[in-house]
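Hydrogens, waters and symmetry mates play no part in the numbers below; they use all other heavy atoms, side chains included. Atoms within a ligand are numbered from 1 in the order they appear, just like the ligands themselves.
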Amino acid sequence: MTTRNLRTIKLRSGEQFRDEQETRIEPLELGGQRYLPVPETVPAELTITRASTGTVFELRFDVRLHGPCFRCLEDAVLDLPISAREYQANEPGPSDELRTPYLEDDRLDLTAWARDALALALPDKILCRSDCAGLCPVCGKDLNREPHDHGEPEPDSRWSALTELKDRL
Ligand SMILES: [Zn+2]
Ligand SMILES: [Zn+2]
């Protein structure tokens, strides 16, 4: 887990602090599959801007995920640029909108924040390529490697026997 201690960062209203920090990215589960960040830590740019009523936190990083394609289950690679923003009021009061859940005791939980920001940025389907043909619904073979179709389904032989019988009557 990567956290950032903010106690040493003293900003006055209107001032900004920017730093790059190696941040650990957690693997994530999606549709029962596991997607791994490669590498597991990425350089993330943290920007802190002090306003008169509170502080704005911004986090930016690029992440690469490896995991199974939704359609064909082969390895898929997904590159995602992530940028997220949080706000913490000087006096947040009872409203959750004025505080960030990632800040506790002057420590900013970058790993938890990165995990949530990544989850929000994911596409509906992770594919090995946008036109992945998937698996054949009949025989289960990979249609990217062996494009084929099985033609019209065979007519049921019992029915054809009946039709023949009807024709003879
Ligand atoms: Zn695929
Ligand atoms: Zn097939």
*Metal-centred angle, the Zn ion (ligand 2) as apex - NE2 of H148, NE2 of H150, 10° resolution*: 110°
_Three-point angle C132:SG, the Zn ion (ligand 1), C72:SG, rounded to the nearest 10°_ = 110°
*Considering all heavy atoms of both residues, which atom of V63 and which atom of L118 are nearest to each other, and what is their separation?*
CG1-CD1, 3.6 Å
*Given SG of C69 on one side and SG of C128 on the other, what angle do they make at the Zn ion (ligand 1), to 10°?*
110°
*Would you call R24 and P37 a side-chain contact if the rule is heavy atoms closer than 4.5 Å?*
no
*Would you check if the side chain of R99 reaches a backbone N or O of P92 as a donor-acceptor pair within less than 3.5 Å?*
no
_Below 30° counts as parallel, above 60° as perpendicular, anything between as tilted: where do the rings of Y35 and F70 land?_
tilted
